[in-house]
Amino acid sequence: MTTNESSIPTDFIRNIINEDLRNNKNDGRVHTRFPPEPNGYLHIGHAKSICLNFGIAAQYNGLCNLRFDDTNPSKEEEEYVQSIIEDVRWLGFDWDDRLFYASDYFEQMYEYAVQLVKAGKAYVDDLSADEIKEYRGTLTSLGKESPYRNRSVEENLDLLERMRAGEFENGSRVLRAKIDMSSPNLNLRDPAMYRILHAEHHRTGDKWCIYPMYDWAHGLEDSIEMITHSICTLEFEDHRPLYDWFLDELGAYHPQQIEFARLNLTYTVMSKRKLLQLVEEGYVNGWDDPRMPTISGLRRRGYTPESIRTFCERIGIAKTDSTIDIALLEHCIREDLNKRAPRVMGVLRPLRVVIDNYPENEKEELDAINNPEDPDAGIRKVPFSRVIYIEQDDFREDPPKKFFRLAPGREVRLRYAYFITCTDVVKDEHGEIVELHCTYDPASRGGNSPDGRKVKGTIHWVSADHAIEAEVRLYDRLLAVANPAGDENGKDFKSYLNPDSLETVTGYVEPSLAGAAPLSRYQFERLGYFCVDSQDSTKEKLVFNRTITLRDSWAKIEQKL
RNA sequence: AGCCGGGUAGUGUAGUGGUAGCACAACGGCCUUUGGAGCCGUCCGCUCGGGUUCGAAUCCCGGCCCGGCUGCCA
């Protein structure tokens with residue numbers, strides 16, 4: 001991909017890399033990696049990490065690997081592998097032939113483990129999980145050594161071999177690093193390196209029944225791939241001494257681990273556990289539900305890769321725990337789509353309007369500009385006729401102050417069409433407005449006013465006879481509060497789900513939209529940006545997802561009235 | 001409580017010894033055939049107390065506050 005390097009703001013990680021480059025550390029190489037565990041779908045928080053790692057590689061003329069950290073077969077699945085590959089690629093990044101799997105290194109890791117055992121730095125422990133926990137001590141009390149801690153190298157080697165051979169049951173033994181049971185850093189109190197897990201691995205099948213723990217595996221993966229800067233999130237800060245210990249004891253190539261703060265977004269939950277819960281308990285329709293903060297959800301919602309990358313650039317990188325205002329994400333997609341999305345007209349909540357002085361059975365084609373932000377986008381024809389639909393919101397029988405749209409006796413402009421004046425309001429037996437009668441000024445064709453008279457409002461419309469019916473899904477924030485994970489009141493995040501996060505309406509769109517391709521994006525003038533649904537839209541029945549509304553300054557004015 | 005990390009406008013983020021910049025948000029105005037977009041402007045900040053220095057957001061000491069850590073998860 002092309003990266004405008006000068007536009008990338010600096011941050012403490014790039015500062016470290018600059019310094020390393022100055023000192024010719026790693027012979028001037030920059031090599032990062034994005035190492036997801038294939039146990040869920042990628043979300044916008046991962047995008048931050050992806051943009052960081054791939055972005056740094058691009059900026060410094062380095063490389064970035066895509067590596068699956070598949071060390072726990074009980075949680076990982078091939079489905080996730082595929083979705084992750086698709087999502088990273090969609091975001092615009094490329095790893096050439098450097099797609100790796102931690103599981104490809106299992107043999108090498110085992111050999112390293114044998115090396116550590118031989119050096120007297122690791123041992124097989126027969127303690128149960130509960131006992132190990134007990135022996136570990138607490139944040140304030142020291143741990144104590146396992147009675148198995150001082151087995152001979154020969155015995156450890158034999159036991160480790162038999163662990164691998166499958167002689168023992170799940171949980172009956174672990175291989176532990178022999179470090180320091182009294183370390184104030186709990187991670188250093190003889191951490192487990194291998195656990196016994198008789199489980200089918202999605203790539204290695206039943207070849208292994210012992211699997212490496214994260215701390216043991218991750219540094220080795222980085223080392224094997226000759227990573228220079230191993231960037232991870234803050235919660236691994238306490239693990240860095242362990243990362244360093246393993247690599248130092250082994251005398252292996254030693255990348256530098258650097259931690260940064262993960263992304264939090266207002267009105268959003270980000271943990272895989274919570275997202276999984278939303279999917280499994282049916283609060284949303286799958287991982288790619290357009291309300292989900294997953295990459296696949298954002299894609300289906302209509303977000304562009306560019307907008308997500310811009311967002312990731314603007315939020316910055318630091319070590320401070322922070323929560324980004326979702327308004328920034330929304331700003332980024334509006335900004336991008338404003339430049340590129342073709343404009344069309346669509347009416348979501350139709351109100352029938354009959355233009356009494358317009359001839360029946362007549363139809364004319366009016367010119368409409370495809371994108372005022374892009375002169376090259378050209379123009380298109382929009383059909384106009386005697387009966388049209390306008391938005392219910394664009395008419396008020398009793399208009400409040402500053403309401404510029406249609407009202408009895410008032411004149412407005414129909415976008416690209418004519419000036420019309422409302423002459424009559426038709427209601428049903430419940431007093432609901434069902435139809436408007438208007439007259440039009442033939443001299444105002446195209447929306448111009450030859451006599452120079454001004455109208456305050458311009459509204460959108462579609463021709464009733466020519467418009468296409470479409471299902472439109474109006475999305476709003478999934479969560480109703482800014483900090484749903486806050487738990488201040490001890491409430492579960494699900495109690496903050498927004499009951500109105502999805503409203504489905506049947507609307508009418510102009511005929512130029514016939515056959516619109518899945519995932520194509522449009523601005524419905526005055527309403528917002530909409531994207532053709534990738535799953536449910538067909539030639540016969542269009543389905544649109546609302547990506548985001550336009551900024552609505554009338555709503556603000558109205559609020560203050 | 002022990003260890004580790006962090007505190008710069010409302011929210012984020014630059015600035016690493018020369019007196020604080022950017023983005024979003026908010027607010028006001030201009031403009032407009034989208035109450036969109038754009039343009040202009042306004043508001044708002046260095047966690048506190050000492051110290052070093054001609055000079056401190058930056059260095060030192062102490063306090064306060066926030067986050068992470070007691071999986072055979074990652």
Side-chain angles (χ1 to χ4, degrees), chain A residues 9-12 15 35-37 39 69 71-72 74-76 125 127-130 132-133 136-143 170-176 183-189 191-197 210-211 213-215 217-218 232-241 259 261 266 272 313-332 334-335 338-339 343 345 368-369 372-373 402-405 413-417 419 444 446-449 455-460 482 523-528 549-558:
Chain A
T10 191
D11 55 65
F12 80 98
N15 289 345
E37 182 190 13
N39 69 344
D69 204 2
T71 57
N72 185 358
S74 65
K75 290 187 177 175
E76 297 153 5
D125 197 345
L127 252 29
S128 71
D130 284 344
I132 285 183
K133 184 175 177 177
R136 183 162 34 232
T138 69
L139 294 176
T140 48
S141 66
L142 301 183
N170 285 356
S172 58
R173 272 174 244 260
V174 290
L175 181 71
R176 290 230 254 171
S183 171
N185 183 342
L186 293 268
N187 296 122
L188 263 21
R189 318 247 261 229
M193 295 165 59
Y194 278 102
R195 75 283 212 181
I196 299 172
L197 216 55
I210 58 172
Y211 289 93
M213 300 291 293
Y214 171 87
D215 286 312
H218 205 86
C232 61
T233 44
L234 245 32
E235 68 270 26
F236 293 105
E237 213 159 12
D238 290 340
H239 296 243
R240 185 170 4 109
E259 312 85 14
T266 56
K272 276 188 192 172
E313 226 167 73
R314 289 192 188 164
I315 57 178
I317 300 293
K319 297 190 74 159
T320 322
D321 283 303
S322 62
T323 302
I324 307 289
D325 191 336
I326 188 90
L328 180 58
L329 213 213
E330 296 175 344
H331 167 80
C332 290
R334 283 195 186 104
E335 179 183 57
N338 175 51
K339 286 179 301 195
R343 271 60 168 173
M345 289 195 285
I369 295 168
E373 303 291 321
K402 293 186 180 172
F403 183 84
F404 300 153
R405 285 111 91 147
R413 171 167 38 232
L414 293 177
R415 178 84 155 151
Y416 299 128
F419 284 14
S444 63
N448 304 303
S449 57
V455 289
K456 286 280 243 197
T458 299
I459 65 176
H460 61 276
Q523 182 195 106
F524 288 8
E525 293 217 23
R526 302 210 306 131
L527 295 175
T549 61
L550 255 27
R551 293 186 66 203
D552 187 352
S553 44
W554 163 243
K556 279 183 190 170
I557 295 168
E558 195 178 25

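Every chain is numbered from 1 and lettered A, B, ... according to where its sequence line falls, protein lines coming before strand lines.
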- Task: Measure the distance from NZ on A:Lys319 to P on B:G6 and round it to the nearest whole Å.
- Result: 5 Å

- Mind checking A:Phe524 for me? I need base, sugar-phosphate or nothing, with any heavy atom below 4.0 Å counting as a touch. nothing

- Query: Want to know the stems of RNA chain B: at least 3 consecutive Watson-Crick or G-U pairs with distances under 3.5 Å, which are they?
  - Reply: B:2-7 with B:64-69, B:10-13 with B:21-24, B:26-30 with B:38-42, B:47-51 with B:59-63

- With sequence neighbours excluded, what pairs up with A:Tyr214 under the side-chain contact (heavy atoms from CB on, under 4.5 Å) test? A:Asp69, A:His218, A:Phe236

All N/O contacts under 3.5 Å from nucleotides 39-45 of chain B to the protein, with atom names and distances to one decimal?
none

- Task: Check every strand shown and say whether A:Thr140 touches a base, only sugar-phosphate, or nothing at a heavy-atom separation below 4.0 Å.
- Result: base

- Item | Length of the line joining A:Asp11:CG and B:U13:C1', which is rounded to integer Å | 10 Å

- Message: Can you measure A:Arg415 atom CZ to B:U32 atom P for me and round it to whole angstrom units?
- Response: 14 Å

- Task: Starting at atom OH of A:Tyr416, determine the distance to atom C1' of B:U34, rounded to an integer number of angstrom.
- Result: 8 Å

- Task: Rounded to the nearest angstrom, tell me the gap between atom CD in A:Glu330 and atom C1' in B:U11.
- Result: 14 Å

- When you get a sec, tell me which of B:A14, B:U34, B:G35 is the closest nucleotide to the side chain of A:Pro372? B:U34

- Message: Applying a 4.0 Å non-hydrogen cut-off, can you work out what A:Gln523 is touching in the nucleic acid: base, sugar-phosphate, or nothing?
- Response: base

- Atom CG of A:Asn185 to atom P of B:G68: distance rounded to whole Å? 16 Å

- Message: Should the side chain of A:Asp238 and the base of B:G68 be counted as holding a donor-acceptor pair, with the cut-off at 3.5 Å?
- Response: yes

- From the list A:Arg415, A:Arg413, A:Arg526, A:Glu525, side-chain hydrogen bond (donor to acceptor under 3.5 Å, both in side chains) partner of A:Thr458 resolves to A:Arg413

- Using a heavy-atom cut-off of under 4.0 Å over every strand shown, decide if A:Arg240 touches base, sugar-phosphate, or nothing. nothing

- Task: Kindly indicate, with the supporting measurements, whether the criterion side-chain contact (heavy atoms from CB on, under 4.5 Å) is fulfilled by A:Asn72 and A:Arg195.
- Result: CA-CA 10 Å; A:Asn72 185 358; A:Arg195 75 283 212 181; 3.5 Å; yes

- Task: For A:Arg176, answer base if it contacts any base atom (sugar-phosphate contacts may also be present), sugar-phosphate if it contacts only those atoms, and nothing otherwise; contact means non-hydrogen atoms under 4.0 Å.
- Result: nothing

- Message: Using the C1' atom as the point on both nucleotides, what is the distance between B:U8 and B:U58, in whole Å?
- Response: 11 Å

- Task: For A:Asp552 and B:A37, give me the distance from atom CG to atom C1', rounded to whole Å.
- Result: 14 Å

Just the table, please: protein N/O against nucleotides 70-74 of chain B N/O, every pair under 3.5 Å.
unit_1	atom_1	unit_2	atom_2	d
B:G71	OP2	A:Arg136	NH2	2.8
B:C72	OP1	A:Arg136	NH2	3.4
B:C72	OP2	A:Arg136	NH1	3.2
B:C72	N3	A:Gly171	O	3.2
B:C72	N4	A:Leu127	O	3.0
B:C72	N4	A:Ala129	N	3.0
B:C72	N4	A:Gly171	O	3.0
B:C73	OP2	A:Arg195	NE	3.0
B:C73	OP2	A:Arg195	NH2	3.0
B:C73	O3'	A:Arg195	NH2	3.1
B:C73	O2'	A:Asn72	ND2	3.1
B:A74	OP1	A:Thr71	OG1	2.9
B:A74	OP1	A:Arg195	NH1	3.1
B:A74	OP1	A:Arg195	NH2	2.9
B:A74	OP2	A:Tyr214	N	2.9
B:A74	O3'	A:Asp69	OD2	2.8
B:A74	N6	A:His239	NE2	3.3

- Message: Restricting to side-chain contact (heavy atoms from CB on, under 4.5 Å), what partner residues turn up for A:Ala261, sequence neighbours left out?
- Response: A:Leu234

- Query: Is any N or O donor-acceptor pair between the side chain of A:Glu373 and the base of B:G36 shorter than 3.5 Å?
  - Reply: yes

- Message: Working to the nearest 0.5 angstrom, can you tell me the gap between A:Thr549 OG1 and A:Leu527 CG?
- Response: 9.5 Å

- CZ on A:Arg314 to CG on A:Leu329, rounded to 0.5 Å: 11.0 Å

- Task: Determine: side-chain N/O of A:Thr458 to OP1/OP2 of B:U32, distance under 4.0 Å, yes or no.
- Result: no

- Spacing between A:Leu329 atom CG and B:U13 atom P, to the nearest angstrom: 16 Å

- Message: Tell me whether A:Lys319 is salt-bridged to A:Glu237, with the criterion being a basic N under 4.0 Å from an acidic carboxylate O.
- Response: yes

Is there any protein nitrogen or oxygen under 3.5 Å from a nitrogen or oxygen in nucleotides 22-28 of chain B, and what are the pairs?
unit_1	atom_1	unit_2	atom_2	d
B:A26	OP1	A:Lys556	NZ	2.9
B:A26	OP2	A:Arg551	NH2	3.4

